[in-house]
Amino acid sequence: MYKNFINSFTSIITSTGNRNPIESILDKFATGIAVFEIRDTIHVLYMNSHMLSTIGYTWEQYRDKLNDAASIFVEEDAWRLYNEVNTKTEFSIDCKGVRPDGTIRWYQILGAQVDFVKSVYPVFLVTIIDISSYKAMEKNLIVNSERYRIFEETTEAFLFEYKVKDDCMIFSTNKSGTVERRVIEKYSEFNHNSSFVHPEDRPHFTRVLMEACVKPTKSSIEYRSKAIADDYAWCRTYYVSVMNEYGQIESVFGRIQNIDEEVKKRNEMANLVEKDRLTGVYNRDAFMNRVEKSLECANEERSFIFSMIDIDNFKGFNDTYGHIVGDDVITIFAEKLKIAFGDGVVGRFGGDEFTVFISGISKSEFEKRFDILKNGLYCDVMGQKVDITFSVGAIRFKGSRRVNYILDKADKLMYEAKEEGKDRIITRTLR
């Protein structure tokens, strides 16, 4: 491409025999362009207006450099440039230049020998581009790679590097001074089809990884994986996107930490706050929070059932047998609910009122579970079996709804069931 430009440039110069139109054209380029004559030093015959801004000089500051263009570069690179123009007809070289304020910048110089200027000395048309930012990125990449290697060899942490272009994941860990690596080619396909990450966490994990591949990111994520154990264990992964010299994300580096015990303890503490002390089911606030979160992301086709449940004649248990028996009734009923609706959310609203929230279940299946629950539902009072009955009001609906609205509808149906004689289920579908 550069050679084609030189040929075109030469053709125009030759046909016009006038430099002014060419100078006008070259001044419109957003790149520093110059014509050098090679003697014992490099002489500047012409440069466009962008040349000075590229190298950071004013005309007054550069005037004394016209007869020795290489003098703005550090000594080693100046000699390299002079050697290139004396031994080649085309060249590309990266040089460090010193600006008048003392700062160092990197420049890429492309040149080709031309014959449109009549001279006994070689003449080159050159372009100069400031590539300092790319060199800084390149250096950072090298430094980061070296840091990763050192970190890999000196830490016992579980590390990974995902190579974006190759779709390759490399896991490594240091065991007794020996670095062990596992390389997974076509990682996207592997991750989609394997059980490496827990199925429930895989969509979030995949989305986070892909975002780090297209947008510079530095963050962490918690998920369940088999990366650090034979079975699923909770992990916390710290990860960062790493760019190459062109500003493109080349890799995602990460460190995987085992937080299984931490999560278990955290869940235990959460259970103490969220669970009803007597029954072990969710208290009212925790139950409502879970329902709200489920409905926030619900699509219009997903079906739910929200039910309010009240133990019939509960006051009679307390009045006849005492509060200890009353607590036994509540505990027994809660255990039966948890067994019948283990795939749903069970909560206690207070006293003898309970609630169940479940998705993806038909009206007939929902009511069938309560029928099964009734069988053998009793409390043993001094060797005597006392049956426990209950009344249920349930609302079946699709998509997202306001929780308080659904609660109010189910509560009214529960009282309707009681008024109709108790020991029954009333389920309505909300349109």
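Values below: every heavy atom of this structure, side chains too, minus hydrogens, waters and symmetry copies.
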Distance-only, no hydrogens or angles: does the [X] side chain make a donor-acceptor pair with backbone N or O of [Y] under 3.5 Å?
X	Y	value
Arg202	Ser194	yes
Asp201	Ser225	no
Thr103	Arg99	no
Ser400	Glu296	no
Asn48	Thr31	yes
Ser241	Ala212	yes
Asp260	Ala233	no
Thr237	Ile256	no
Ser92	Leu110	no
Ser53	His50	yes

Assign the ring pair [X] / [Y] to parallel, tilted or perpendicular, where the plane angle (0 to 90°) is split at 30° and 60°.
X	Y	result
Phe354	Phe333	perpendicular
Tyr187	Phe190	tilted
Phe366	Phe341	tilted

task: Using the test ring-ring contact (aromatic ring centres under 6.0 Å, His included), find all partners of Phe317 that sit at least two apart in sequence or belong to another chain.
output: none
Closest contact, heavy atoms only, Val356 versus Phe287: C-CZ, 4.3 Å
- request: Calculate, to the nearest 0.5 Å, the distance between atoms NZ and CD belonging to Lys398 and Glu300 respectively.
  value: 10.0 Å
message: As an exercise, state the distance from CG of Asp101 to OH of Tyr57, rounded to the nearest 0.5 Å.
response: 9.0 Å
message: One pair to check against ring pair (Phe, Tyr, Trp, His ring centres under 6.0 Å): Tyr239 and Phe160. What are the steps and the verdict?
response: CA-CA 9 Å; Tyr239 62 95; Phe160 76 85; 7.8 Å; no
statement: Of Ile330, Thr355, Ile309, the one forming a side-chain contact (heavy atoms from CB on, under 4.5 Å) with Arg348 is Ile330
- request: Mind running side chain to side chain contact (heavy atoms under 4.5 Å, CB included) on Tyr107 and Asp77 for me, showing each step along the way?
  value: CA-CA 11 Å; Tyr107 302 103; Asp77 288 348; over 6 Å; no
message: Under the criterion side chain to side chain contact (heavy atoms under 4.5 Å, CB included), I'd like the reasoning laid out for Glu250 against Val242: C-alpha separation, chi angles, the key distance, then a yes or no.
response: CA-CA 6 Å; Glu250 186 170 82; Val242 178; 5.8 Å; no
Distance-only check: which donor-acceptor pairs under 3.5 Å involve side-chain atoms of residues 405-422, not counting sequence neighbours?
residue : atom : partner : partner atom : Å
Asp408  : OD2  : Lys412  : NZ           : 3.3
Glu416  : OE2  : Arg428  : NH2          : 2.8
Lys418  : NZ   : Asp310  : OD2          : 2.6
Lys418  : NZ   : Asp312  : OD1          : 3.1
Lys422  : NZ   : Asn313  : OD1          : 2.8

task: Report yes or no: is the cationic atom of Lys275 (NZ for Lys, CZ for Arg) under 6.0 Å from the centre of the six-membered ring of Tyr282, at an angle within 45° of the ring normal?
output: yes
Lys/Arg cation over aromatic Tyr232: Lys226, 6.0 Å, 45° cone: yes
statement: side chain to side chain donor-acceptor pair (under 3.5 Å) with Glu365: of Arg369, Lys368, Lys363, only one passes, and it is Arg369
- request: Evaluate salt bridge (Lys or Arg N to Asp or Glu O under 4.0 Å) for Glu211 paired with Lys215, printing each intermediate quantity in order.
  value: CA-CA 6 Å; Glu211 287 176 354; Lys215 181 181 179 181; over 6 Å; no
